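As the structure is a computational prediction, the values presented were derived from the model and not from experiment.
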Amino acid sequence: MTILTAILALGGLTLLLALMLIIANKKLYVYEDPRIDVVEGMLPHANCGACGYPGCRPFAEALVKGEMLPGKCTVSSEEGRNEIATYLGVDAGSEEKRVARLACAGGINVAINRANYEGMSSCRGAALISGGGKGCSWGCLGHGDCEEVCDFDAISMNAFGIPVVDEAKCTACGDCVEVCPKDLFSIHPVSHRLWVACKSLEAGDGVLEDCEVGCTACGKCAMDAPNLITMIHNLPVINYSKNHQTQVPIQRCPTGAIVWIDEKGGVIKGAEAKKIIRKGKLKIGES
Amino acid sequence: MLTSLKNSFKHGVHPPENKEETNGLPIRQFPFAPLIILPMQQHIGNPSQIIVKEGQEVSRGQLLAKANGYMSVPMHSPVSGNIRKIADVLLISGQTSPGIYLEPFPYSGQEVVVGKPISLDASPEEILKGIQDAGIVGLGGAAFPTHVKLKIPEGKTCDHLIINGIECEPYLTTDHRVMLEQADDIFTGIRYLLRVTDAKEVIIGIEANKQDAADHLTSKVPTDLPVKVQVVPVKYPQGAEKMLITALLGKEVPSGGLPIEVNAVVVNVATTAEIGRLLPHGQGIQERVITITGPGVKKKGNYLIPIGTPLRYVLEQVGAVDNISEVYMGGPMMGVSASSLDISIVKGTSGIVVFGDNEVRKVGKIYPCIKCSACVDACPIFLNPSKLGILAKFEAYDTMADEYNLMDCFECGSCSYVCPSNIPLVQYFRLSKALVRKKKSAKQQKSNA
């Protein structure tokens, strides 16, 4: 008898709860487009945010709604984007690949340090202590916070302690832009090959005391390409809305601060740029 | 006099004091440098706004830049001379700020332009305005504008005015000498502060290693002032205002709160002396007392140095050794190691400590935390630096701020000082605090937009 009561009680309770679940399932049902799951499966799951959405799933929702075109995802391969486009029956859309560019070239062989920094190995930590000890107040500190934060192994520190961006791997997610305490990174379309690799607001010999490859604000590039380049705060500013596929402005730069970045990520300097032959590290105060 | 050697705060550390070399040396006037470089960002808040032109001749004490808003103070000329140029200057933080390059006239005198005096009968508002006009900021090191600090918020009362003569930083003897030599100015300053704060009692807190200063001040207390001098045991960081309130009043300032929450206002003793010296003459601050000491200096001492004197010139004058390794602006515990000698003396510089190559211990290898809890026992505000340090490594900045009260840390460095694993804890926290603040302001901007 006791067993029967138990079975009946539990059985009854089970049935009641099951009924509630069934009702809840019907009443509270939210329709979700099944294509969202499929599209999300096709995306690279990097959740990098380069498309402007917080992650791959919100981007997939936007794709299915038709708010975005698959080309906005710069991490996917060409085939991946086409696959999504075919599945959704939309145009793949083309988004020009964008990459992170660094506005400094002052490695340890060309830029002096005012002081040695000792402590936690992090640019952000060093920047809080007297600016990190680098001679140039605006220059790269070279502790590699950007290399560490990059999820795609696109940034590697070269022999002189300057981060180099691998254009093929960079997805323009912007993590390095955020982490750099000196704000040296910015995101640019790959076609922006004419590039000013300096952020020093100083002018003249003051720059050269700290760094051999800094911009001295001589203004020769602005003279050679008056429509394209203007000097603002002692730095050339390139107007990328004009035709900038020209190597003319770099030719007369005396320090090689304005450069041409070729497809392989190599840096081409102008003919008159000072040749840097030193390979070793500069000592404190030496220039 | 009330001597209570029991009263102090809990935790804290006892670094070697190293004060005996300069605490007996009287304050001496420093010569004018051939070029004075005055940054406009010498205080917390907006940089001062320059009102002079290049090539203009100025006199000592003349207004060079006016305050830019409420959270700012003006700048006065430390010397009579010519404005060479107005350009950006390097700050100790590694950043730049607008600045004035001033070339003193040869044989420039010590006379100072006299302005409109602020009498003791003036209204509290007038006195606060006078304090701002004199360019006075916290001379203990933080350089927080004093008139902002003294403004008692609506609905709050100030019962205790605490004059901070603790000077717990090793090596520094600035406040010690000020208390011995400028007692009259200090008491005049206290009269002004009493008018502003309407406090019932004034306590001058002094550490036991400055007994002579305590005796001197006690003998000088005017009979009509409710002042008592209280000696507390030597411990670092007793000079931090929250620790000092705990030591003197036995009250704890709530987390994230200001001293006014426990009806107290804390003012540095050198700042008080400066108020008492400048306001009766309507002058602005032109120079300050700075202890120059450390094993790397030949002529150690306490000097009255014009604001804006380049650090390089100061070191040349006092005969710094050739192999300088580190120069601390402020004390060795909370001061900043200067990365360049091309910076200037600013209002917040309380001391310069110079070490040669041989005296500096190189930063050792950083070992993992062994959970010895030495930092927990040292932290004067009862945080858990060990846990915070581990969280900082995982970049869990929000957890640190929300659950472990990171923002209460005032970066005294006691945790790093005692850590046997050489973990740069205070640097982690400084970075974490900066990142939390950055995130917060970004959020605020977003919600405003």
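Taking 4.5 Å as the limit, some side-chain heavy atom of A/R114 sits within range of a side-chain heavy atom of B/L90.
For the set A/G132, A/G131, A/P181, the count of heavy-atom pairs under 4.5 angstrom toward chain B peaks at A/G131. Taking chain A as the reference chain and counting heavy-atom pairs below 4.5 Å, the highest number among B/S325, B/S340, B/S339 is found for B/S339.
Residue A/H45 qualifies as enclosed at atom NE2: its count of foreign heavy atoms under 6.0 Å is above 12. In A/N158, the CG atom is crowded: over 12 heavy atoms of neighbouring residues, nucleotides or ligands sit closer than 6.0 Å. Applying the 6.0 Å contact sphere to CD of B/E54 captures more than 12 heavy atoms from other residues, nucleotides or ligands. The number of heavy atoms from other shown groups lying within 6.0 Å of CD (A/E40) is above 12. Atom NZ of B/K387 has 12 or fewer neighbouring heavy atoms from other residues, nucleotides or ligands inside a 6.0 Å radius.
For a residue to count as touching a neighbouring chain, one of its non-hydrogen atoms must lie under 4.5 Å from one of that chain's; by this rule B/L435 touches chain A with the side chain only.
Between the B/Q95 side chain and the A/S137 main chain, no donor and acceptor come within less than 3.5 Å of each other. The backbone N or O of A/S130 lies less than 3.5 Å from no partner atom in the side chain of B/S93, so there is not a single donor-acceptor pair.
Among the candidates B/R430, B/K433, B/Q427, the single residue satisfying the side-chain contact (heavy atoms from CB on, under 4.5 Å) test with A/L128 is B/R430.
We find that A/R124 and B/E395 are joined by a salt bridge, their nearest charged nitrogen and carboxylate oxygen being less than 4.0 Å apart.
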Discussion item. Evaluate A/M120 against B/L431 for side chain to side chain contact (heavy atoms under 4.5 Å, CB included), listing each step before the verdict.
Written reply: CA-CA 10 Å; A/M120 65 189 282; B/L431 172 61; 3.7 Å; yes

